[in-house]
Amino acid sequence: MNGSTMPGAPRRAPRGTVRSPRSRRSRARTRTVLGTASAAVALLAGAMTVPSAQAAEPEGSTDTTAPRHCALDTRTGTEKCFSTFTEAVETASGGRIDDAPASARKAAKDSGFQAEAKSLGANRTAAAEGDIIQGTFFDDSQFGGDSLTVYGEALCEKDGWVDFQHDLEDGWKNRISSVQPWGDCWIWLYPEPNLGGDRDGPFKENTGDIGSLMNDRTQSIGFS
């Protein structure tokens, strides 16, 4: 009790006096009762703190350690994040792909999903009617961790030029470890904003490991 003397604690008897056995039993009983009461108070206080901690949890909060899957519209800079890859792809494709696997890693190996994605990218008539996914980028190798699906207004032209570019926000700089091209695009990775520095690429297919040159170094992206 922070150094204070507990009620009922033994005190020194004056010289020449002797405590009776009854006095010892009485004090021992007092100490036992006080100890039991203190333990009960501690347990009660601990029980009362649990609801307080739960009440502090934000409504609708999610596990912050779980991967986040974001969809970024390069025309407006609007970014929306979800708990599943399915939702991110549905947003980025304008609702045309609504059955992508919930896991980005599984999606990269799902032949049905890959065929659907390629079909959408090859159909220029359908592409002209909605948003175009140009690429998905992953925090970890082998398409793991957080993902960023970038979409815009058109497919890549394949004319030898970079058709679209995107400077990563601070939250995604120096994080990319694997990539997935979409929209008939090839992907180029740059270590500086505005397509600056020595680039690496083109990444023409799903690439689970982009290599040591640009791993965790990308700050801007070119689509050609």
Side-chain angles (χ1 to χ4, degrees), residues 57-74 76-123 126-127 130-152 155-156 164 166 168-189 200-221 223:
E57 190 73 18
E59 183 179 354
S61 64
T62 57
D63 182 2
T64 55
T65 62
R68 292 199 318 157
H69 302 285
C70 302
L72 172 69
D73 186 341
T74 56
T76 64
T78 301
E79 181 177 328
K80 297 179 180 179
C81 296
F82 308 91
S83 59
T84 66
F85 187 62
T86 307
E87 296 168 287
V89 170
E90 183 175 2
T91 297
S93 66
R96 285 173 295 171
I97 300 179
D98 58 5
D99 57 354
S103 163
R105 183 168 284 169
K106 289 181 180 179
K109 299 177 181 179
D110 187 311
S111 58
F113 169 70
Q114 293 301 317
E116 186 177 14
K118 288 183 178 180
S119 175
L120 181 63
N123 189 339
D131 299 326
I132 302 301
I133 300 178
Q134 295 164 337
T136 300
F137 305 87
F138 302 89
D139 193 21
D140 297 339
S141 61
Q142 302 307 320
F143 319 104
D146 294 349
S147 71
L148 177 68
T149 298
V150 175
Y151 64 103
L155 300 169
C156 291
F164 309 100
H166 175 64
L168 292 170
E169 299 294 331
D170 289 344
W172 266 98
K173 286 180 180 178
N174 304 321
R175 289 181 60 186
I176 293 172
S177 294
S178 50
V179 301
Q180 179 182 32
W182 291 67
D184 205 24
C185 294
W186 293 350
I187 291 174
W188 300 86
L189 304 177
D200 194 12
F203 298 94
K204 304 177 182 180
E205 303 290 341
N206 290 355
T207 305
D209 184 350
I210 61 173
S212 59
L213 178 61
M214 288 303 300
N215 185 55
D216 292 340
R217 293 186 60 226
T218 300
Q219 296 197 13
S220 59
I221 303 166
F223 301 89

S.K.: Please find the pair of heavy atoms, one from Asp131 and one from Thr91, that lie closest to each other, and give the distance.
M.R.: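 Taking every non-hydrogen atom into account, OD2-O, 4.3 Å.
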S.K.: Would you say the side chain of Ile221 lies within less than 4.5 Å of the side chain of Leu168, judging by non-hydrogen atoms?
M.R.: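 Contact flag for Leu168/Ile221 side chains = yes.
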S.K.: Quick one: closest heavy-atom pair of Gly144 and Phe138, and the distance?
M.R.: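 Distance-wise, the nearest heavy atoms are O-CB, 3.8 Å.
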S.K.: Give a yes or no answer on whether the side chain of Thr207 reaches the backbone of Glu205 with a donor-acceptor pair at less than 3.5 Å.
M.R.: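 It does hold such a pair.
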S.K.: Let's go through Thr218 and Asn174 carefully: what are the C-alpha distance in whole Å and the side-chain angles of both, what is the deciding distance for side-chain contact (heavy atoms from CB on, under 4.5 Å) to 0.1 Å, and is it a yes or a no?
M.R.: CA-CA 5 Å; Thr218 300; Asn174 304 321; over 6 Å; no
S.K.: Using side-chain heavy atoms (C-beta onward) and a distance below 4.5 Å, is Glu79 in contact with Leu148?
M.R.: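 Yes, side chains in contact.
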S.K.: Of all heavy-atom pairs between Phe203 and Val179, which one has the smallest distance, and what is that distance?
M.R.: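 Closest pair (atom of Phe203, atom of Val179, distance): CB-CG2, 3.8 Å.
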S.K.: State, yes or no, whether a side-chain contact exists between Asp184 and Ile132 at a heavy-atom distance under 4.5 Å.
M.R.: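 Not in contact.
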S.K.: Which distance, rounded to the nearest 0.5 Å, do you find between the SG of Cys70 and the CH2 of Trp172?
M.R.: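 So the SG of Cys70 and the CH2 of Trp172 are separated by 7.0 Å.
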S.K.: Run the ring-ring contact (aromatic ring centres under 6.0 Å, His included) test on Trp182 and Phe113 for me, step by step, so that the C-alpha distance in whole Å, both residues' side-chain angles and the decisive distance to 0.1 Å come before the verdict.
M.R.: CA-CA 12 Å; Trp182 291 67; Phe113 169 70; 5.7 Å; yes
S.K.: In this structure, are over 12 heavy atoms from other groups packed under 6.0 Å from Gln114 atom CD?
M.R.: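 More than 12 within 6.0 Å, yes.
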S.K.: Can you pull out every side-chain hydrogen bond (donor to acceptor under 3.5 Å, both in side chains) where at least one residue sits in residues 139-152? Sequence neighbours excluded, please.
M.R.: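 Matches after skipping sequence neighbours: His69-Ser147, Thr136-Thr149, Asp139-Arg175, Asp146-Arg175.
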S.K.: What is the minimum heavy-atom distance between Gly145 and Pro67, and which atoms define it?
M.R.: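 That would be O-CB, 3.5 Å.
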S.K.: Using 0.5 Å steps for rounding, measure from the CG atom of Asp200 to the CG atom of Leu213.
M.R.: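 Rounded to the nearest 0.5 Å, the CG-CG separation comes to 4.5 Å.
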S.K.: Roughly how far, to the nearest 0.5 Å, is the OG1 atom of Thr86 from the CG atom of Asp99?
M.R.: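 Output value for this atom pair is 8.0 Å.
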S.K.: Are Ser177 and Asp216 close enough, and set up right, to give a side-chain contact (heavy atoms from CB on, under 4.5 Å), and what steps lead you there?
M.R.: CA-CA 6 Å; Ser177 294; Asp216 292 340; 3.3 Å; yes
S.K.: Please identify each residue that fulfils ring-ring contact (aromatic ring centres under 6.0 Å, His included) with Phe137, with sequence neighbours left out.
M.R.: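 In terms of ring-ring contact (aromatic ring centres under 6.0 Å, His included), with neighbours along the sequence ignored, Phe137 is linked to no residue.
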S.K.: Evaluate Ile97 against Glu116 for side-chain contact (heavy atoms from CB on, under 4.5 Å), listing each step before the verdict.
M.R.: CA-CA 8 Å; Ile97 300 179; Glu116 186 177 14; 4.0 Å; yes
S.K.: Contact between Arg68 and Phe82 at the side-chain level, heavy atoms closer than 4.5 Å - yes or no?
M.R.: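 Side-chain contact under 4.5 Å: no.
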S.K.: Do you know the tightest heavy-atom contact between Asp209 and Gly211?
M.R.: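 Residues Asp209 and Gly211, closest heavy atoms: OD1-N, 3.0 Å.
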S.K.: Decide yes or no on side-chain contact (heavy atoms from CB on, under 4.5 Å) for His166 and Leu72, but give the supporting numbers first.
M.R.: CA-CA 10 Å; His166 175 64; Leu72 172 69; 3.1 Å; yes
S.K.: Identify the two heavy atoms, one from Ser178 and one from Gly208, that lie closest to each other, and give their separation to 0.1 Å.
M.R.: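 What the structure gives for the nearest pair is CB-O, 3.3 Å.
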S.K.: Is a side-chain N or O of Thr76 found less than 3.5 angstrom from the main chain of Thr78, in a donor-acceptor match?
M.R.: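 Yes; judged by distance alone, with no hydrogens or angles, the pair exists.
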S.K.: Hydrogens and angles aside, do Thr84 and Glu87 bring a side-chain donor and acceptor to less than 3.5 Å of each other?
M.R.: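 Note: Thr84 and Glu87 side chains meet the donor-acceptor criterion.
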